[in-house]
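Comments concern the structure below.
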Amino acid sequence: MSLKSAPKAKSEPSQPETASRPIALLQWYDRHRRRLPWRAAPGEASDPYCVWLSEIMLQQTTVKAVGPYFEKFVARWPDVTALGSASLDDVLRMWAGLGYYSRARNLYACAVAVTREHGGSFPDTEESLRALPGIGPYTAAAIAAIAFDRHTMPVDGNIERVVSRLFAVEEELPQAKSLIQQLAATLLANSRAGDSAQALMDLGASICTPKKPACSLCPFSADCTARALGTQETFPRKAPKKSGTLRRGAAFVVTRGGELLVRSRPEKGLLGGMTEVPGSDWLAGQEDATAKGQAPAMKGLSRWQRKVGVVTHVFTHFPLELVVYTAKAEARTRAPEGMRWVPIATLSGEALPNVMRKVIAHALAPASGRSS
DNA sequence: GAAACGTGGAA
DNA sequence: TTTCCAAGTTT
């Protein structure tokens with residue numbers, strides 16, 4: 001640790017000691033840091049692979065959701081080279097359920113690039129990291145700071161919140177990003193850049209929360225402009241986001257004994273490359289009849305049974321409502337072009353996004369009602 | 001710069 | 001129930 005000796009505390013007026021913020025932050029961190037599966041123990045060196053893998057998984061995703069996925073990945077692929085030698089399908093299957101599936105493709109592409117172009121070791125500068133797939137400005141800075149102790153401050157949603165409150169930044173996001181970046185950099189200690197960043201993230205996650213921040217426990221409590229104003233919860237400023245129009249569609253669940261008819265979605269776009277049951281387009285204002293018209297044309301099929309109720313799912317940019325039709329296929333019925341049969345028993349290992357798991361659960365459940 | 005891109009949990 | 005959001009990146 002390179003903490004300076006405590007500032008002479010004598011009869012200083014209680015003016016914030018700006019220069020000591022990074023020190024106060026690290027002191028708080030040393031007492032209150034979270035234990036996380038991907039985090040090195042105090043004094044231990046970080047594993048760049050673990051740092052990278054966790055950072056990718058944590059993009060727009062909660063610590064709680066990431067935990068099991070991180071453990072699964074590390075157990076199966078202990079290092080970048082192992083991951084780079086896997087198949088994309090295996091990676092997508094392991095990622096299924098975590099969301100934002102382009103991350104899984106980029107994760108794999110990045111592992112391949114590190115393996116083949118960097119000899120299996122992550123590059124250690126922000127710029128070279130930034131050039132890798134799936135690594136943007138935040139993640140490049142985070143890896144550089146946490147794994148390689150580079151003097152840089154990554155700015156994520158937590159840090160935006162802490163900093164915008166500490167300095168009462170009135171400008172709205174995302175326009176305020178540049179200003180917040182500059183202000184956040186003033187909180188970097190001369191050494192321990194990675195700890196400075198993680199300290200700010202922990203502070204944002206556990207103390208300086210979006211709602212009801214625990215200001216009394218904050219190392220910056222006496223120093224925080226928003227807190228002094230009593231306006232903590234109003235930061236960061238941002239424009240309200242719009243919800244998106246409801247889209248409707250139909251899903252077709254065809255079984256052949258203990259097997260289910262599935263196909264893969266196009267590699268680009270929503271749920272790219274993931275497995276799905278055949279279905280109609282998902283369109284705003286679409287009628288059920290229109291959607292049903294897009295059922296797969298197959299011989300040897302029973303009548304379509306419309307399941308009572310609908311499956312609803314909410315994506316980031318639109319809500320979706322799916323009606324579900326089921327049908328049974330005779331033994332040895334061929335799967336239509338581009339589709340395949342998979343055993344229902346092995347569905348848990350498929351690259352099925354959660355919306356499709358809902359559809360299948362709804363279709364296979366005894367007649368009842370809705371599903372959410 | 002705006003829009004696309006998943007999911008589940010908390011208030 | 002509804003709204004907001006969680007360690008952002010890509011196009």
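Please read these numbers as outputs of a predicted model, since none were measured by experiment. Naming convention: chains lettered A, B, ... in sequence-line order (proteins, then strands); numbering from 1 in each chain.
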* Residues two or more places apart in sequence or in another chain: which of them pass side-chain hydrogen bond (donor to acceptor under 3.5 Å, both in side chains) with A/Thr61? ->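 In terms of side-chain hydrogen bond (donor to acceptor under 3.5 Å, both in side chains), with neighbours along the sequence ignored, A/Thr61 is linked to A/Arg103.
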Sugar-phosphate only, base, or nothing, as touched by [X] at under 4.0 Å among non-hydrogen atoms:
X        : value
A/Arg105 : nothing
A/Ile143 : nothing
A/Val66  : nothing
A/Pro353 : sugar-phosphate

* Kindly state which residues belonging to residues 262-286 of chain A come within less than 4.0 angstrom of DNA chain C, counting heavy atoms of the residue only, listed by number. =>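 The answer is none.
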* Structure fact -> side-chain contact (heavy atoms from CB on, under 4.5 Å) filter on A/Pro37, not counting sequence neighbours, yields A/Phe70, A/Glu71
* **side-chain contact (heavy atoms from CB on, under 4.5 Å) involving A/Ser178 - partner list, sequence neighbours excluded** => A/Gln182
* Between C/dT9 atom P and A/Leu107 atom CG, what is the distance in whole Å? -> 14 Å
Electrostatic pair [X]:[Y] at N-O distance under 4.0 angstrom:
X        : Y        : value
A/Arg192 : A/Asp149 : no
A/Arg247 : A/Glu321 : no
A/Asp202 : A/Arg34  : yes

* Asked: At under 4.0 Å, does any side-chain N or O of A/Gln59 touch on OP1 or OP2 of C/dG8?
  ->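 For C/dG8, OP1/OP2 do not have a side-chain N/O of A/Gln59 under 4.0 Å.
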In [range], which ones come under 4.0 Å of DNA chain B, going by heavy atoms?
range                       : value
residues 44-57 of chain A   : none
residues 94-104 of chain A  : A/Gly97, A/Leu98, A/Gly99, A/Tyr100, A/Tyr101
residues 123-141 of chain A : none

* Extract the stems that DNA chain C is part of, considering only consecutive pairing runs of at least three Watson-Crick or G-U wobble pairs, both distances under 3.5 Å. =>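 For DNA chain C the paired stretches long enough to count as stems (3 pairs minimum) are B:2-5 with C:8-11, B:7-11 with C:2-6.
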* To do: May I have the step-by-step check of side-chain hydrogen bond (donor to acceptor under 3.5 Å, both in side chains) for A/Arg161 and A/Ser164, ending in yes or no?
  => CA-CA 5 Å; A/Arg161 187 171 56 256; A/Ser164 66; over 6 Å; no
* Asked: Aromatic ring centroids of A/Trp52 and A/Phe122 under 6.0 Å?
  -> yes
* Asked: Does the gap between the ring centers of A/Trp304 and A/Phe252 come in under 6.0 Å?
  -> yes
Can you list, pair by pair, the side-chain donor-acceptor contacts under 3.5 Å of residues 254-268 of chain A, counting residues two or more places apart and other chains?
from	atom 1	to	atom 2	distance (Å)
A/Arg256	NE	A/Glu259	OE1	3.0
A/Arg256	NH1	A/Thr333	O	2.9
A/Arg256	NH2	A/Glu259	OE1	2.7
A/Arg263	NE	A/Glu276	OE2	2.8
A/Arg263	NH2	A/Glu276	OE2	3.2
A/Arg263	NH2	A/Gly279	O	3.2
A/Ser264	OG	A/Arg340	NH1	3.2
A/Arg265	NE	A/Leu270	O	3.0
A/Arg265	NH1	A/Glu276	OE1	2.8
A/Arg265	NH2	A/Leu270	O	3.1

* salt bridge (charged side-chain N to carboxylate O under 4.0 Å, His left out) with A/Arg93: which residues, sequence neighbours excluded? -> A/Asp90
* Asked: Counting only N and O atoms by type, is there a donor-acceptor contact under 3.5 Å from the side chain of A/Ser20 to the main-chain atoms of A/Ile23?
  -> no
* Polar side-chain atom of A/His317 near backbone of A/Thr245 as donor-acceptor pair, under 3.5 Å ->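 Judged by distance alone, no pair lies under 3.5 Å.
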Look for any protein N or O under 3.5 Å of an N or O in nucleotides 1-4 of chain C and output each such pair with its distance, or none.
none

* At their closest point, which heavy atom of A/Gly84 faces which heavy atom of A/Thr115, and how far apart are they? ->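 Looks like CA-OG1, 4.1 Å.
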* 5' priority, DNA chain B, between A/His317 and A/Asn354 [closest heavy atom] ->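 Nearest-nucleotide comparison on DNA chain B picks A/His317.
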* **Qualifying residue for side-chain hydrogen bond (donor to acceptor under 3.5 Å, both in side chains) with A/Glu160, from A/Gln181, A/Lys238, A/Lys177** =>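 Passing option: A/Lys177.
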* **Interface limits on DNA chain B, where chain A has a heavy atom under 4.0 Å of a nucleotide atom** =>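 Extent of the interface on DNA chain B: B/dA3 to B/dG8.
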* Euclidean distance for P, B/dC5 against C/dA6 (whole angstrom) ->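 Going atom to atom, P in each nucleotide, I get 22 Å.
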